[in-house]
Amino acid sequence: DGGITQSPKYLFRKEGQNVTLSCEQNLNHDAMYWYRQDPGQGLRLIYYSQIVNDFQKGDIAEGYSVSREKKESFPLTVTSAQKNPTAFYLCASSIWAGGEDEQFFGPGTRLTVL
Amino acid sequence: KQEVTQIPAALSVPEGENLVLNCSFTDSAIYNLQWFRQDPGKGLTSLLLIQSSQREQTSGRLNASLDKSSGRSTLYIAASQPGDSATYLCAVVGNQAGTALIFGKGTTLSVSS
């Protein structure tokens, strides 16, 4: 089955820890994205990547880092510099079609700071 | 900066009603608009994609329209069912941040039997 997988489903982080959220897609999509969702707010863009070995900051990139070493993988690291990381994290991907592409989302990872 | 607004924030209807969800955006220079459904604690499911050259898209009981000049889109749900209860999100792709989506805060729909 083609799709986007995210792991883990739930993640708990202690103060001062870095944690990494996994996102994998087998749709052969060029572009991948990370969004953050907080209660009562819309999804906000953290990072996006349109091609391997290249990525760009979104609106709320501070305290986060990413890598794109393979087309199918776009892991997100939440560093200790992120002051309020408790949120629902969603990964998405799309074919690069100059903006007319449809985005597909994974099931999400819920991160809680202990 | 592009902003997306969805009205109403919440809506409760009895089963069988036809209903309309509204989405507005401030910058008409968009590439496309997507409507999503989100169930509690789950990811987003794409419902309809309307490209900038299109006026509407239909899928089953769902019909979405796009009026770029006025910065508006509507999602029409016919003959609502309890299984339609979810949060519906509208998002646009504009000239900012590559092809990343800019989202509204959603409309939470509750359909009672």
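Remember, predicted model here, so these are calculated numbers, not experimental data.
Around the CD atom of B:Glu17, the shell of radius 6.0 Å holds more than 12 heavy atoms that belong to other residues, nucleotides or ligands. The 12-atom threshold is not exceeded at NZ of B:Lys105, counting heavy atoms of other residues, nucleotides or ligands nearer than 6.0 Å. Counting non-hydrogen atoms of other residues, nucleotides and ligands closer than 6.0 Å to CZ of B:Arg72 gives a total of 12 or fewer. Around the CD atom of A:Glu62, the shell of radius 6.0 Å holds no more than 12 heavy atoms that belong to other residues, nucleotides or ligands.
No continuous path of hydrophobic side-chain contacts links B:Tyr76 to B:Leu48 [ILVMFWY only; heavy atoms under 4.5 Å]. Placement of B:Leu11 and B:Ile77 within a single hydrophobic cluster is found when ILVMFWY residues are connected by side-chain heavy-atom separations under 4.5 Å, directly or transitively. Cluster membership check: A:Val52 does not share its hydrophobic cluster with A:Tyr47, using side-chain heavy-atom separations under 4.5 Å among Ile, Leu, Val, Met, Phe, Trp and Tyr. Under the 4.5 Å side-chain contact rule for hydrophobic residues, A:Tyr33 and A:Leu111 do not share a cluster.
At a 4.5 Å heavy-atom cutoff, the contact between A:Gln41 and chain B is made by backbone atoms alone. Residue B:Gln54 does not touch chain A at all, counting heavy-atom pairs closer than 4.5 Å. For a residue to count as touching a neighbouring chain, one of its non-hydrogen atoms must lie under 4.5 Å from one of that chain's; by this rule A:Leu43 touches chain B with backbone and side chain alike. Contact annotation for A:Gln37: only side-chain heavy atoms (C-beta onward) come within less than 4.5 Å of a heavy atom of chain B.
A pairwise comparison of heavy atoms in A:Gln103 and B:Ser46 identifies O-CB, 4.1 Å as the closest pair. Of all heavy-atom pairs spanning A:Phe105 and B:Leu44, the tightest one is CB-O, 3.6 Å. Nearest approach of A:Leu90 to B:Gly43, heavy atoms of both residues: CD2-CA, 3.7 Å. For the residue pair A:Asp101 and B:Asn32, the shortest heavy atom distance occurs at O-ND2, 3.2 Å. The two atoms that bring B:Lys42 and A:Phe88 nearest to each other are O-CE2, 3.3 Å, heavy atoms only.
Formation of a donor-acceptor pair under 3.5 Å by the A:Tyr35 side chain with backbone atoms of B:Leu101 is found in this model.
Options B:Gly41, B:Ser52, B:Gly106, B:Gly104 differ in how many heavy-atom pairs under 4.5 Å they form with chain A, and the most are formed by B:Gly41.
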